[in-house]
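To start, the structure itself, in structure tokens.
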Amino acid sequence: MRVLEAVISSYLEDLLSKKGLEKSTWASMLQPSREASQGDLTLPCFPFASTLKMAPQAIADELAASFPDIDALLHVTSMNGYLNFTAHPEWLADTVLSGSIHVGNALENTGRTGEQVLIEHTSANPNGPFHVGRARNAILGDTLVRLNRLHGNDVRAEYYVDDMGKQVGVLAWALENLSESDVNELLSEREPPSERWTTKADHQRVRWYQAAQVLRKDADVDRKAQIERDIGSLVHASEHGDIAVLESFESAYTPVLEGMLATLSRLGISYDTFTKESRFVVDGTVAKLMQTLDALEIADTADNGAGFLDLGQRGLKGKTEFFYRRGDGSSLYATRDVAYHIWKWGESSRLVNVLGEDHKLQAKQVGLTLEELDQQRPEVLFYSFIKLPEGKMSTRQGNVVFMDDLLEEAHAQASAVVRELRPEYDDETVSAIAEAVGTAAVRFNIIKVSPEKGFTFRWEEALAFEAGSAPFIMYAHTRACSIAKRASDLPSSPVARPSVDTMPEGLIELLRLMCTHNDVLERSVREQKAHLFALHMLELANAYNGFYRDCPVVRDGEVDGFAFSISEMARELLRSGLEGLGIKPIEAM
RNA sequence: GGGCGAUUAGGGUAGUCUGGAUAUCCUUCCGGCCUUCGGAGCCGGAGACGUGGGUUCGAAUCCUGCAUCGCCCGCCA
């Protein structure tokens, strides 16, 4: 609770400096209490014992007894060697009412902090629809974008389009050389695609890609060799910046990318800028970069002329050779990534990338190379893959859950719940609510766990609408909205902050949580841990429910001015916080 | 084989970077609460730090052995 810390730290500094303890020695030890029942802030006194030659408990006792009586504190106590500070509920209420809690805006850059950040996320190869595993990247990245905006940073969300190289080359080759009946024949042993997505290009065109992969693996030797030559020459041309080939690639992947973006748009995910990988080949920066790399001390050349850096000299363990140029002189994906990052540093003072754990080595290589070029390395948020109960999610084995299917199912199940709970709603209303609830549940299920944790996708968890889920938070928000609507037509008493002895527990708990709201957001942004904020939002919703129970806003046709002010503040925090998580804060559900 | 990460109640998860009290929250199970603003709710109870060492006044947290799981180790992207 920073607001409280700001008030008490000067008093604490006075007291401790008299004992010869400098602030630098204890400042980081003053922390939010682990035992909420003991207080809001805690200073463990154990480390002082040896310098003061006193027992920790005695030190805590003495500090507690001599701490001045100030408005912000209800009491200062000592327990088991800890000095505990409990915020005064009246002070908490005054803090909230005075507007000290920053609500924020997750939807646009406000420039509040003056800091800028470029977040690159998703950047999936445009060769087929999103499955749930790939979508984790987009959901984590978009949430990070939103939370940075909510905090007040100027954010740019960037999609790096992989518009060259083998994957897109295979897609382009297949679209050019395979007929629809070829594709159907090649994929005849697979499950047919869902009828639902016959007009969605990502679901359609991926079949050409898959069919080509089947051919590349199972065709007869001569045919395979011919295909590899054809695709190889396309890829080679693209890597040398052949405009005609790049344009054919673009017309192959663009409808696929549009289909993928349509899926993400349903989840509220969008981008500010798209940068194509080919750009750095076409404008010559990759060629220049390779020359620069050639001149580095740690650069070396293989027998066939390929260029690599020996990153072992810079502390990389395991495989230390990092190839940046093929024997034929063309660049590699990672080379272009280095060029891309140098460009990005010209665009923003802070860079964040969201990457799957399979990119760890690659990111390390790119980072070390950037440092070798006197550039900074970007911050990287890695996430583990999502598994299915049957095992790894794999397009080849056919065990994938497409995001489009998950969202349809979420919508259907949410509709069923809404219909049962609110039989009076018409179809259109039900559908709108179900869409908001369903997509929110899917997003939240992914956001609420720590990114490095590999987790197993389970339908019943992704579609949970109860406590611990997004709809739980949404529901608290609709309650607050409902109260606001009702209160707007009624006479109100003036805002009179009650004294502590008439404050119910549910009110105090809500005030406490509101006073930590900005702290959690700040930490969540700084450490790139969206799940911390997500879990805080659950607590805030829970606290609002407690307030709702203990503290009626409307009683006997009259609005309690104070309770309504608190309710409104909570409503604002719930609304902006939901937007920060990418959840639509609907007003009724 | 090497590198990196993970392991917390029946299931899932926070806390680990920066050591500190009675280990968070959800689910599950058990018991309560609808004549007060929307019960997708609220209150109470049961149940966990993989394992062996080490460091420390103090270890879920730091070091280390082992076990299990995941990812990577291509002149692919």
Side-chain angles (χ1 to χ4, degrees), chain A residues 28-29 31 33-38 42 44-47 49-50 56 79-82 84 125 127 162 164-169 235 277 302 304-308 316-321 323-328 330-334 336-337 356-362 364 382 384-385 387 392 414 417-418 420-422 437 448-450 452-456 458 460-461 464-469 471-476 478-487 490 506 527 529 531-532 535 538-539 541-542 545-546 548-556 559-560 563-564 567 588-589:
Chain A
S28 67
M29 285 156 44
Q31 290 168 347
S33 304
R34 189 165 277 220
E35 299 297 321
S37 60
Q38 298 291 349
T42 290
C45 296
F46 306 92
S50 59
M79 172 76 81
N80 303 336
Y82 296 87
N84 294 313
N125 278 311
N127 59 2
D162 213 342
M164 54 189 293
K166 196 153 273 175
Q167 303 224 22
V168 184
V235 171
E277 188 181 344
N304 66 350
F308 66 90
L316 188 68
K317 292 178 190 164
K319 196 214 169 206
T320 61
E321 293 169 343
F323 281 89
Y324 59 86
R325 188 182 55 222
R326 291 199 184 88
D328 69 0
S330 63
S331 63
L332 287 121
Y333 174 82
R336 290 168 232 137
D337 206 22
E357 59 181 335
D358 55 336
H359 281 68
K360 275 188 179 173
L361 176 60
Q362 165 102 37
K364 183 107 185 165
F382 290 107
S384 296
F385 293 120
K387 298 188 295 277
K392 194 176 167 178
V417 172
V418 179
E420 190 181 331
L421 293 171
R422 316 273 179 255
V437 168
K448 74 175 182 189
V449 310
S450 179
E452 79 269 12
K453 209 80 115 185
F455 82 90
T456 303
R458 292 189 178 82
E460 62 275 21
E461 283 172 16
F465 301 144
E466 292 161 353
S469 73
F472 174 80
I473 308 171
M474 298 168 83
Y475 190 77
T478 63
R479 272 183 162 167
C481 289
S482 170
I483 286 174
K485 203 171 165 192
R486 176 180 277 255
L490 296 170
E527 300 183 6
K529 290 180 174 174
H531 67 281
L532 295 181
L535 298 172
L538 282 175
E539 288 182 46
N542 189 46
N545 285 334
Y548 177 86
R549 174 198 66 216
D550 288 348
C551 223
V553 172
V554 178
R555 209 200 305 246
D556 303 328
V559 176
D560 178 329
F564 185 45
S567 177
M589 61 188 273

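The analysis underlying the following values was restricted to heavy atoms, covering all of them including side chains, and did not include hydrogens, waters or symmetry mates.
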**Prompt:** Can you check the A:Lys529 NZ to B:U18 C1' distance for me, whole Å?
**Reply:** 11 Å

**Reported NZ-to-OG1 distance for the pair A:Lys387 and A:Thr456, which is rounded to 0.5 angstrom** = 4.0 Å

**Message:** Checking base pairs now: Watson-Crick or wobble, both atom distances under 3.5 Å. What partners B:C42?
**Reply:** B:G32

**Which nucleotide in B:A40, B:C73, B:C17 has an atom nearest any side-chain atom of A:Met589** = B:A40

**Message:** Taking only the P atom of each, what is the distance from B:C4 to B:U64 in whole angstrom?
**Reply:** 10 Å

**Request:** Please figure out whether A:Cys551 or A:Ser450 has its closest RNA chain B nucleotide nearer the 5' end.
**Result:** A:Ser450

Provide a list of protein-nucleic acid N or O atom pairs under 3.5 angstrom, restricted to nucleotides 74-77 of chain B.
residue, atom, partner, partner atom, Å
B:C75, OP2, A:Lys319, NZ, 2.9
B:C75, O2, A:Gly327, N, 2.8
B:C75, N3, A:Asn304, OD1, 2.9
B:C75, N3, A:Asn304, ND2, 2.5
B:C75, N4, A:Asn304, OD1, 2.6
B:C75, N4, A:Asn304, ND2, 3.2
B:C76, OP2, A:Arg326, NE, 2.7
B:C76, OP2, A:Arg326, NH2, 3.0
B:C76, O3', A:Arg326, NH2, 3.4
B:A77, OP1, A:Glu239, OE2, 2.8
B:A77, OP1, A:Arg326, NH2, 2.8
B:A77, OP2, A:Tyr333, N, 3.1
B:A77, O3', A:Asp162, OD1, 2.8
B:A77, O3', A:Asp162, OD2, 3.2
B:A77, O2', A:Asn125, OD1, 3.3
B:A77, O2', A:Asn125, ND2, 3.2
B:A77, O2', A:Asp162, OD2, 2.9
B:A77, N6, A:Gln362, OE1, 2.6

**Item:** Under 3.5 Å on both distances, the Watson-Crick or G-U partner of B:C37
**Value:** none

**Prompt:** Going from CG on A:Asn545 to OH on A:Tyr475, what distance comes out if it is rounded to the nearest 0.5 angstrom?
**Reply:** 8.5 Å

**Prompt:** Does B:G1 have a Watson-Crick or wobble partner in any strand here, with both distances under 3.5 angstrom, and which is it?
**Reply:** B:C73

**Complete:** Among B:G41, B:A40, B:A6, the one nearest any side-chain atom of A:Arg479 is B:G41

**Request:** Among B:A40, B:G12, B:C37, find the nucleotide with the atom closest to the side chain of A:Val437.
**Result:** B:A40

**Message:** With nearest nucleotide decided by heavy atoms, which residue, A:Val553 or A:Lys317, maps closer to the 5′ end of RNA chain B?
**Reply:** A:Lys317

**Message:** What is the separation between atom CG on A:Leu421 and atom P on B:G39, rounded to the nearest whole Å?
**Reply:** 11 Å

**Request:** Mind checking A:Ser482 for me? I need base, sugar-phosphate or nothing, with any heavy atom below 4.0 Å counting as a touch.
**Result:** base

**Message:** Would you measure the distance from the C1' atom in B:U51 across to the matching atom in B:A14 and give it in whole Å?
**Reply:** 23 Å

**Distance between C1' atoms of B:C17 and B:C62 (Å, rounded)** = 11 Å

**Request:** Please answer whether the main-chain N or O of A:Glu452 pairs with a side-chain N or O of A:Ser384 as donor and acceptor at a distance below 3.5 Å.
**Result:** yes

**Message:** Can you tell me how far apart NZ (A:Lys485) and CD1 (A:Ile483) are? Round to the nearest 0.5 Å.
**Reply:** 13.5 Å

**Request:** Report the distance from atom CD of A:Glu357 to atom P of B:C73, rounded to the nearest whole Å.
**Result:** 12 Å

**Fill in**
Once base and sugar-phosphate atoms are separated, protein heavy atoms under 4.0 Å mark nucleotides 19-32 of chain B, 5' to 3', with B, S and - as -BBB---SS-----

**Prompt:** If you check the A:Phe455 side chain, which of B:A40, B:U13, B:C37 turns out closest?
**Reply:** B:U13

**Message:** For the CG atom of A:Asp337 and the OG atom of A:Ser331, what is their distance to the nearest 0.5 Å?
**Reply:** 11.5 Å

**Message:** What's the gap between B:G47 and B:C66 when it is taken at their P atoms, as a whole Å value?
**Reply:** 35 Å

**Asked** Over how many whole Å does the gap from A:Phe382 atom CZ to B:C71 atom C1' extend?
**Response** 11 Å

**Request:** Sequence neighbours left out, what passes salt bridge (Lys or Arg N to Asp or Glu O under 4.0 Å) with A:Arg336? Give chain and number order.
**Result:** A:Glu239, A:Glu277

**Message:** Taking any heavy-atom pair under 4.0 Å as a contact, classify A:Ala588: base, sugar-phosphate, or nothing.
**Reply:** base

**Complete:** Side-chain atoms of A:Lys360 come closest, of B:A14, B:G5, B:C37, to B:G5

**Item:** Spacing of A:Asp560 atom CG and A:Arg555 atom CZ [to the nearest 0.5 Å]
**Value:** 7.5 Å

**Prompt:** Whole Å only: how far is the CZ atom of A:Phe465 from the P atom of B:A40?
**Reply:** 14 Å

**Item:** For A:Phe308, all residues meeting ring pair (Phe, Tyr, Trp, His ring centres under 6.0 Å), sequence neighbours excluded
**Value:** A:Phe323

**Asked** Measuring from A:Tyr82:OH to A:Met29:CE, what's the distance to the nearest 0.5 Å?
**Response** 10.5 Å

**Message:** With syn defined as a glycosidic angle within 90° of 0 and anti as the rest, where does B:C34 land?
**Reply:** syn

**Item:** Any-strand Watson-Crick or G-U partner of B:U7, both distances under 3.5 Å
**Value:** B:A67

**Item:** Closest contact, heavy atoms only, A:Met589 versus A:Thr478
**Value:** CG-CG2, 3.5 Å

**Asked** On a whole-Å scale, what distance lies between the P atoms belonging to B:G32 and B:G20?
**Response** 40 Å

**Message:** Strictly by Watson-Crick or wobble contacts shorter than 3.5 Å, is anything paired with B:U13, and which nucleotide is it?
**Reply:** none

**Item:** B:C26 and B:A21, which share atom name C1', separated by this distance in whole Å
**Value:** 25 Å

**Message:** Without decimals, in angstroms, what is the distance between A:His531 NE2 and B:U16 C1'?
**Reply:** 11 Å

**Whole-Å C1' distance, B:A23 and B:U8** = 9 Å

**Complete:** Rounded to whole Å, the CG-P distance (A:Leu316 to B:G2) equals 17 Å

**Asked** Contact class for A:Tyr548 vs. all strands (heavy atom < 4.0 Å): base, sugar-phosphate, or nothing?
**Response** base

**Request:** Considering non-hydrogen atoms only, spot the tightest contact between A:Ser567 and A:Val553 and give its length.
**Result:** CB-CG2, 4.1 Å

**Request:** Measure from the side chain of A:Lys453, starting at C-beta and using heavy atoms only, and say which of B:G39, B:C37, B:U8 lies closest.
**Result:** B:U8

**A:Arg458 side chain, from C-beta outward: closest of B:C37, B:C71, B:G12** = B:G12

**Asked** At under 4.0 Å between heavy atoms, what does A:Val418 touch on the DNA or RNA strands: base, sugar-phosphate, or nothing?
**Response** base

**Item:** Residues in salt bridge (Lys or Arg N to Asp or Glu O under 4.0 Å) contact with A:Lys529, at least two apart in sequence or another chain
**Value:** A:Glu527

**Complete:** Checking N1-N3 plus N6-O4 or O6-N4 for Watson-Crick, or N1-O2 and O6-N3 for wobble, each under 3.5 Å, the partner of B:A60 is none

**Request:** Only counting residues at least two apart or in another chain, list the ones meeting salt bridge (Lys or Arg N to Asp or Glu O under 4.0 Å) with A:Glu461.
**Result:** none

**Request:** Considering only atom P, compute the distance from B:C37 to B:U27 and round it to an integer number of Å.
**Result:** 24 Å

